[in-house]
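The block underneath contains the structure these notes are about, expressed in structure tokens.
Values reported hereafter were calculated over all heavy atoms of this structure, with side chains retained and with hydrogens, waters and symmetry mates removed.
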Amino acid sequence: AVNVLVNPIPAAAITASGPLSFCQGNNVTLTATTNGASYSWSNGANTQSIIAGSSGNYTVTVTSAAGCSATSAATVVSVSPNPVVNISAAPYTRLYPGLSTTLTANVNPAGNYNYTWYRDNIPVPGAVSSTLPGIDPNKLGSYTVTVTNSSGLPCSNTSAALLISDS
């Protein structure tokens with residue numbers, strides 16, 4: 001009689017530590033659910049868990065001690081970019097009594113955003129649009145604006161400071 005040993009093919013699946021869609025700068029840990037002798041991820045990693053911080057389809061091939069292997073279905077990770085914002089002032093960045101200027105948040109990519117303006121790191125009451133008009137010599141200071149996507153994921157970014165000073 002011949003004894004035939006049939007080695008099982010390992011199950012290969014991926015679990016995620018959190019949401020698979022997130023804003024740039026975040027990540028998710030992907031883990032092969034089966035203990036294997038070795039792992040081979042589509043991004044070249046060979047550990048049981050990987051940290052995914054960029055968009056893509058991630059698969060893992062699990063190989064058992066007997067040399068049998070299986071590849072998981074793809075786990076899709078989707079990373080949304082944070083908007084880029086800077087402030088422009090027109091017509092002035094330096095003021096004297098009688099002059100005023102308007103600040104504008106220039107956001108890339110174009111889209112629908114929520115705006116929060118700050119003067120010297122303190123929120124400006126009621127300033128929730130892409131422009132901040134009526135900056136006069138009584139409102140000198142360092143201005144920044146934070147923009148956040150108003151639809152989809154709440155990806156956000158804050159501009160560099162723009163100084164409005166007296167002339």
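- Atom-to-atom distance recorded for Asn82:CG and Leu153:CG is 10.0 Å, nearest 0.5 angstrom.
- One finds the CD1 atom of Ile164 at 11.5 Å from the CG atom of Asp136 (value rounded to the nearest 0.5 Å).
- Applying the disulfide (SG to SG under 2.5 Å) test to pairs two or more places apart or on separate chains, those with a residue in residues 77-167 are Cys23-Cys155.
- When side chains are defined from C-beta on, Leu20 counts as touching Thr75, because their heavy atoms get closer than 4.5 Å.
- A pairwise comparison of heavy atoms in Pro83 and Pro109 identifies CA-CD, 4.4 Å as the closest pair.
- Looking only at distances, no side-chain donor or acceptor of Thr144 sits under 3.5 Å from a matching main-chain atom of Ala160.
- Phe22 is connected to Ile50 through a chain of hydrophobic side-chain contacts under 4.5 Å among Ile, Leu, Val, Met, Phe, Trp and Tyr, so both are in one cluster.
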Check your understanding: Which is it for Thr158 and Val85 under the side-chain contact (heavy atoms from CB on, under 4.5 Å) test, yes or no, and what are the steps along the way?
Key -> CA-CA 7 Å; Thr158 300; Val85 59; 5.8 Å; no
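- Listed here is the closest heavy atom pair of Ser17 and Val28: OG-CG2, 3.6 Å.
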Sequence neighbours left out, cut at 3.5 Å: what donor-acceptor pairs do the side chains of residues 117-134 make with other protein atoms?
from	atom 1	to	atom 2	distance (Å)
Trp117	NE1	Ser129	O	2.8
Arg119	NE	Leu140	O	3.3
Asp120	OD1	Ser142	N	2.9
Ser129	OG	Thr131	O	3.0

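- Placement of Ile51 and Trp41 in two distinct hydrophobic clusters is found when ILVMFWY residues are connected by side-chain heavy-atom separations under 4.5 Å, directly or transitively.
- Between the side chain of Thr33 and the main chain of Ala13, a donor-acceptor pair closer than 3.5 Å is present.
- Taking Asn46 as the reference, nothing meets the side chain to side chain contact (heavy atoms under 4.5 Å, CB included) condition, with sequence neighbours excluded.
- Residues Asp166 and Pro137 fail the side-chain proximity criterion, which asks for heavy atoms closer than 4.5 Å.
- Nearest heavy-atom pair, Thr59 versus Ala74, reported as atom, atom and distance to 0.1 Å: CG2-CA, 3.6 Å.
- Judged by distance alone, the side chains of Asn106 and Ser88 do bring a donor and an acceptor atom under 3.5 Å apart.
- Of all non-hydrogen atoms in Ser54 and Val77, the two that sit nearest each other are O-CG1, 3.6 Å.
- When side chains are defined from C-beta on, Asn149 counts as touching Tyr113, because their heavy atoms get closer than 4.5 Å.
- Checked by atom type, the side-chain pair Thr15/Thr31 shows no donor-acceptor distance below 3.5 Å.
- In summary, the side chains of Thr61 and Thr71 do present a donor paired with an acceptor at a separation below 3.5 Å, with no hydrogens or angles considered.
- The two residues Asn43 and Tyr58 make their nearest non-hydrogen contact at ND2-CE2, 4.2 Å.
- Rounding to the nearest 0.5 Å places OG of Ser72 at 3.5 Å from CD1 of Ile14.
- Listed for the Ser55 side chain is a donor-acceptor partner under 3.5 Å among the backbone atoms of Val79.
- Rounded to the nearest 0.5 Å, atoms CD (Gln48) and OG1 (Thr34) are 8.0 Å apart.
- For the atom pair Thr104 OG1 and Leu162 CG, the distance stands at 10.5 Å (nearest 0.5 Å).
- If you take OG on Ser69 and CD1 on Ile9, they are separated by 8.0 Å, rounding to the nearest 0.5 Å.
- In terms of heavy atoms, Ala89 sits closest to Leu103 at CB-CD2, 3.6 Å.
- Contact annotation: the side chain of Asn157 never approaches that of Thr146 to less than 4.5 Å [non-hydrogen atoms, C-beta and beyond].
- Taking the side chain as every heavy atom from C-beta outward, Pro10 and Cys68 approach each other to under 4.5 Å.
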Practice item. List the steps, then state whether side-chain contact (heavy atoms from CB on, under 4.5 Å) holds for Tyr143 with Ile135. Key: CA-CA 10 Å; Tyr143 285 86; Ile135 305 301; 3.6 Å; yes
